[in-house]
*Asks:* 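Shown below is the structure under consideration.
In what follows, every chain begins at residue 1, and chains take the letters A, B, ... in the order their sequences are listed. These numbers come from a predicted model, not from an experiment.
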Amino acid sequence: MVVTRFAPSPTGYLHVGGARTALFSWLWARHTGGKFVLRIEDTDLKRNTPTAMQQVINDLRWLGIEWDEGPEVSEPNGPYLQSQRHQQGIYDKYVNQLLGEGKAYYCFDTSEELEAMREEATDQKQNLTYRRPEIFPDEKDAAKARSEGRPVTVRFAVPQDEDIIVQDIVRGEVKFAASEIGDFIIKKSDGFPTYNFACVVDDYLMKITHVIRGQEHLNNTPGQQALWQALGFGQLPQYVHMSVTVSEGGGKLSKRERPKALRQAIKTIENIDLEKLAQIGNINSEELESFIKGKTTPDMPVIDAMAEYIGVELPEINIVDFLRSGYLPETMVNFLAFLGWNPGDNREIMSIDELVRAFDLSRLTKSNSLFDRQKLIAFNTEHIKMTPREKLLGHLKDYLKTINSPVLSADDEQLKRIIILCEGARTLADIERKSRFLFLENDKIVYDDDAIKKVLLKGDGLDVLKNIQAKIEKFVTNPACRIDGQEKVTAEYTEKLLRSIAEERKVGLGKVAQPLRVALCGGTISISIFEAVEMLGKEKTLARIDNALNVIPAKAGIQKNDDVMDSRVRGNDKKEC
RNA sequence: GGCCCCAUCGUCUAGGUCGGCCUAGGACACCGGGUUUUCAACCCGGCAACAGGGGUUCGAAUCCCCUUGGGGCUACCA
């Protein structure tokens, strides 16, 4: 049976690269009817944060990647946290085995000494391959070193008799000269195993059949393979080294891109209030300065807070970033799957079930792929289109909650109506943006300067608005002015009204609809303006028109010419009714 | 620097294992045009690639070598 695993180091949120690794492993397990294991590689005390594991777990679940074995699920070969496994002595057992068999040895070098060796090797245009001692130090030597306060580590003596050939499913045979692979540390001076060791032991104990990971691990593989054999673990797992995902700027897509983008943004802003910025990020000014100089990087929440404050959009890298930007989990899964894989026919937009059915390791791509955000948006547009309305409603509610939108006050019926009106939306953020004005208080409407200039001030937008206002007021007070005897200002009525005004004025509907749109929502982008009037109701509609009429010309310093306008509008009223 | 991986339209890729079916297919982006109350969406049309050089062969995108370019790794990180 196929057993795959995802083994993240919990250093922060799940990012795109990690999610793709997890997805490919998961898809292969599901495709073959095998098992998918989640293992947490928290052997580096300095880097792991206590909340990170939960974040990774949440993000995997949002994507719909469920594990058969691992934290919070089922632990037949547990525990699944390497820190806990270490405490149980699992790794030491194997380290001692190697030590006893003379396949590993103690080392007492300080990091300064190591650094010096490395420099020497570089001078000779070589990589550091640790010089193995003729006679391995024994327990007594180790005890002595410890008492002297020297660091004690254990290195694996990599067999030097023959080259190591890695059989890789995507790359075929990859040959490494044994002499290139130096003896590497398997047990750190703090007693913890290194990644290269813990990974081998756990893959064996957890019966992993397919090690699917990024190409950045290819160079670790010969060492791990040698270790596997030295430990007598038998049949090697299948290795699958996926191509790397690169970002638009070139280079591996990295979570460092967000702080980098923020740093650049801060530098471009003139007269920026650094004190205030530090305060927003809840860090001191030295920390901020150090960050701007590129020396240090604060935590993600600090980055996010500062970015929001200066109003800069950071590139999405973490899976939660995509949730916040209004992408569907199905979109992410589909898109991530196509980063280094394709089904071989011309299909691109695929459901998760279709992906599971079609996925095959033999179709992994060798070359690196670029994370193309434009294509992601196109995928999202398609997925929004094909997602059943009920399900989309659920996704929309999740989204509204995560961004804490005013649209949260809408009921399901209203949300469904909005979804229908937003057909063709590219993201859930589009839907929110086009409808949030419906749920804001009248005085919370923010008028967009460009929209005001272009739509209301440039032509006779204000005049049109007065025209509309007068009609709706008549409608409210005089039943005779209603079209087809309707009592409510419905979408149908509004449409008829606006069309009649456009016809009268001999202009396109746009010249009439746009001024009203700006008055009601503050900008030029919204759901259908006819529907907006109905959903808003006549009081709010009239109040907002009134507000626009009063506030905007004053704000723009424009002289109002009420008398002329009013008489003209009133004079025409009867006829128009 | 050393080691390793990769190389088809701007981007993701199909084709490469079985060399002729490829005057290289699809998608995104882009450029025209249409539809339209805004933004989208939608419809029609278009542009666009086998990195370069050597081989092997009747024949190469496909096999081999070199060059160039891109990427990864080079830790008591994972």
*Asks:* Looking at every strand, decide which applies to A:Glu113 at a 4.0 Å heavy-atom threshold: base, sugar-phosphate, or nothing.
*Replies:* nothing
*Asks:* Please check if atom CZ in A:Arg256 has more than 12 non-hydrogen atoms from other residues, nucleotides or ligands closer than 6.0 Å.
*Replies:* no
*Asks:* Mind checking A:Phe530 for me? I need base, sugar-phosphate or nothing, with any heavy atom below 4.0 Å counting as a touch.
*Replies:* base
*Asks:* Among the candidates B:C28, B:U38, B:C77, find the nucleotide nearest to the side-chain atoms of A:Asp372.
*Replies:* B:C28
*Asks:* Please figure out whether A:Leu218 or A:Lys385 has its closest RNA chain B nucleotide nearer the 5' end.
*Replies:* A:Leu218
*Asks:* For A:Asn196 and B:A78, give me the distance from atom CG to atom P, rounded to whole Å.
*Replies:* 8 Å
*Asks:* Under 4.0 Å, counting only non-hydrogen atoms across every strand here, what does A:Thr153 touch: a base, just sugar-phosphate, or nothing?
*Replies:* base
*Asks:* Name the nucleic acid region contacted by A:Arg363, choosing base, sugar-phosphate or nothing; use a 4.0 angstrom heavy-atom cut-off, strictly under.
*Replies:* sugar-phosphate
*Asks:* Rounded to whole Å, please give me the gap between CD1 in A:Ile527 and C1' in B:C39.
*Replies:* 12 Å
*Asks:* On a plain distance test, is the side chain of A:Glu348 in donor-acceptor contact with the base of B:G26 below 3.5 Å?
*Replies:* yes
*Asks:* Across the strands shown, which category fits A:Ser243 at heavy-atom distances under 4.0 angstrom: base, sugar-phosphate, nothing?
*Replies:* nothing
*Asks:* Identify whether any heavy atom of A:Arg347 sits under 4.0 Å from a base atom; if not, whether one sits that close to sugar-phosphate; answer base, sugar-phosphate or nothing.
*Replies:* nothing
*Asks:* Taking the side chain of A:Asn219 as heavy atoms from C-beta outward, which of B:C73, B:C39, B:U11 is closest to it?
*Replies:* B:C73
*Asks:* Which one is paired to B:G20, where only Watson-Crick or G-U wobble pairs with both distances under 3.5 angstrom count?
*Replies:* B:C58
*Asks:* Base, sugar-phosphate or nothing for A:Gly340? Non-hydrogen atoms, less than 4.0 Å.
*Replies:* sugar-phosphate
*Asks:* Base, sugar-phosphate alone, or nothing: which one does A:Lys125 contact when heavy atoms must sit under 4.0 Å apart?
*Replies:* sugar-phosphate
*Asks:* Considering only B:C5, B:A78, B:G2, which nucleotide approaches the side chain of A:Arg47 most closely?
*Replies:* B:A78
*Asks:* What's A:Lys252 touching, base or sugar-phosphate or nothing? Going by heavy atoms closer than 4.0 Å.
*Replies:* sugar-phosphate
*Asks:* State, without any angle test, whether A:Arg517 and A:Gln514 hold a side-chain donor-acceptor pair at a distance under 3.5 Å.
*Replies:* yes
*Asks:* For a quick check of understanding: with a heavy-atom distance under 4.0 Å over all strands, which category does A:Asp109 fall into, base, sugar-phosphate or nothing?
*Replies:* base
*Asks:* Please give, in whole Å, the distance from B:C30 P to A:Lys375 NZ?
*Replies:* 13 Å
*Asks:* Taking donor-acceptor contacts at under 3.5 Å, does the side chain of A:Lys366 reach the base of B:C6?
*Replies:* no
*Asks:* I need the CG-P distance between A:Leu516 and B:U38, as an integer number of Å.
*Replies:* 14 Å
*Asks:* Please give the distance between the P atoms of B:G16 and B:G2 as a whole number of Å.
*Replies:* 36 Å
*Asks:* Applying a 4.0 Å non-hydrogen cut-off, can you work out what A:Asn220 is touching in the nucleic acid: base, sugar-phosphate, or nothing?
*Replies:* base
*Asks:* Could you check how far CD1 of A:Ile181 sits from C1' of B:C3, rounded to whole Å?
*Replies:* 10 Å
*Asks:* Could you tell me which nucleotide pairs with B:G1 by Watson-Crick or G-U wobble geometry, both distances under 3.5 Å, or answer none if nothing does?
*Replies:* B:U74
*Asks:* Is there a donor and acceptor pair closer than 3.5 Å between the side chain of A:Ser526 and the base of B:U38?
*Replies:* no
*Asks:* Would you mind reading off the distance between A:Leu421 atom CG and B:A40 atom P, rounded to a whole angstrom?
*Replies:* 17 Å
*Asks:* B:C76, B:A78, B:U38: which one has an atom nearest the side-chain heavy atoms of A:Glu41?
*Replies:* B:A78
*Asks:* Could you tell me whether A:Arg20 sits above the aromatic face of A:Phe24, with NZ or CZ closer than 6.0 angstrom to the six-membered ring centre and within 45 degrees of the axis?
*Replies:* yes
*Asks:* Where does the angle between the aromatic ring planes of A:Tyr195 and A:His217 fall among parallel (under 30°), tilted (30 to 60°) and perpendicular (over 60°)?
*Replies:* tilted
*Asks:* Can you tell me how far NZ of A:Lys255 sits from CG of A:Leu14, rounded to the nearest 0.5 angstrom?
*Replies:* 9.0 Å
*Asks:* Check if the side chain of A:Ser189 and the base of B:C76 share a donor-acceptor pair of N or O atoms closer than 3.5 Å.
*Replies:* yes
*Asks:* Please report the distance separating the P of B:G71 from the corresponding atom of B:U13, rounded so that it comes out in whole Å.
*Replies:* 16 Å
*Asks:* Looking at the side chain of A:Asn346, which of B:G72, B:C39, B:G25 is the nearest nucleotide?
*Replies:* B:G25
*Asks:* Would you mind telling me which of B:U13, B:C77, B:C5 lies closest to the side-chain atoms of A:Thr365?
*Replies:* B:U13
*Asks:* Give me the distance, rounded to whole Å, that separates B:A7 from B:C65 when you measure between the P atoms they each carry.
*Replies:* 13 Å
*Asks:* Does A:Arg499 place a side-chain N or O at less than 4.0 Å from the phosphate oxygens OP1/OP2 of B:U37?
*Replies:* yes
*Asks:* Looking only at the side chain of A:Asp44 (C-beta and beyond, no hydrogens), which of the listed nucleotides B:U37, B:C5, B:C77 gets closest?
*Replies:* B:C77
*Asks:* With rounding to whole Å, what would you report as the distance between B:C9 and B:G70 at their P atoms?
*Replies:* 16 Å
*Asks:* Please say which of A:Met535, A:Glu495, A:Glu492 ends up in a side-chain contact (heavy atoms from CB on, under 4.5 Å) with A:Phe530.
*Replies:* A:Glu495
*Asks:* Between B:G25 and B:G55, how many Å separate the two P atoms, rounded to a whole number?
*Replies:* 30 Å
*Asks:* When the nearest nucleotide of RNA chain B is assigned to A:Asp430 and to A:Asp190 on a heavy-atom basis, which residue is associated with the more 5' position?
*Replies:* A:Asp430
*Asks:* Tell me if the centroids of the rings in A:Phe184 and A:Phe197 come within less than 6.0 Å of each other.
*Replies:* no
*Asks:* Using atom C1' in both nucleotides, what's the gap between B:G53 and B:U68 to the nearest angstrom?
*Replies:* 10 Å
*Asks:* With a 4.0 Å cut-off on heavy atoms, is A:His241 in touch with a base, just the backbone sugar-phosphate, or nothing at all?
*Replies:* nothing
*Asks:* Could you tell me how far B:U74 sits from B:U11 if I compare only their C1' atoms? Round to whole Å.
*Replies:* 31 Å
*Asks:* How far does the P atom of B:G20 sit from the matching atom of B:A61, given to the nearest Å?
*Replies:* 10 Å
*Asks:* Tell me which nucleotide, if any, is Watson-Crick or G-U wobble paired with B:G10 when both distances must be under 3.5 Å.
*Replies:* B:C28
*Asks:* So, does A:Thr43 get its side chain near the phosphate of B:A78, meaning an N or O under 4.0 Å from OP1 or OP2?
*Replies:* yes
*Asks:* Just compare B:U37, B:C77, B:C3 and give me whichever is closest to any side-chain atom of A:Arg517.
*Replies:* B:U37
*Asks:* If you take atom types as modelled and just measure distance, does the side chain of A:Asn368 reach the base of B:G71 with a donor-acceptor pair under 3.5 Å?
*Replies:* no
*Asks:* Quick one: SG on A:Cys199 to CD on A:Gln82, what's the gap to the nearest 0.5 Å?
*Replies:* 7.5 Å
*Asks:* Does the plane of the ring in A:Phe359 sit parallel, tilted or perpendicular to the ring in A:Trp341? Use 30° and 60° as the thresholds.
*Replies:* tilted
*Asks:* Categorize A:Glu423 for me: base, sugar-phosphate, or nothing, with a 4.0 angstrom heavy-atom threshold over every strand shown.
*Replies:* base
*Asks:* Check every atom of B:C3, B:U37, B:U13 against the side chain of A:Phe176 and return the nucleotide holding the closest atom.
*Replies:* B:C3
*Asks:* Between atom CG of A:Leu392 and atom CD of A:Glu330, what is the distance when rounded to the nearest 0.5 Å?
*Replies:* 9.0 Å
*Asks:* Rounded to the Å, how far apart are A:Leu465 CG and B:U37 C1'?
*Replies:* 15 Å
*Asks:* Within the 4.0 Å heavy-atom criterion, would you say A:Arg171 contacts the bases, only the backbone, or no part of the nucleic acid?
*Replies:* sugar-phosphate
*Asks:* Of all the nucleotides listed (B:U13, B:C28, B:U37), which has the minimum atom distance to the side chain of A:Gln374?
*Replies:* B:C28
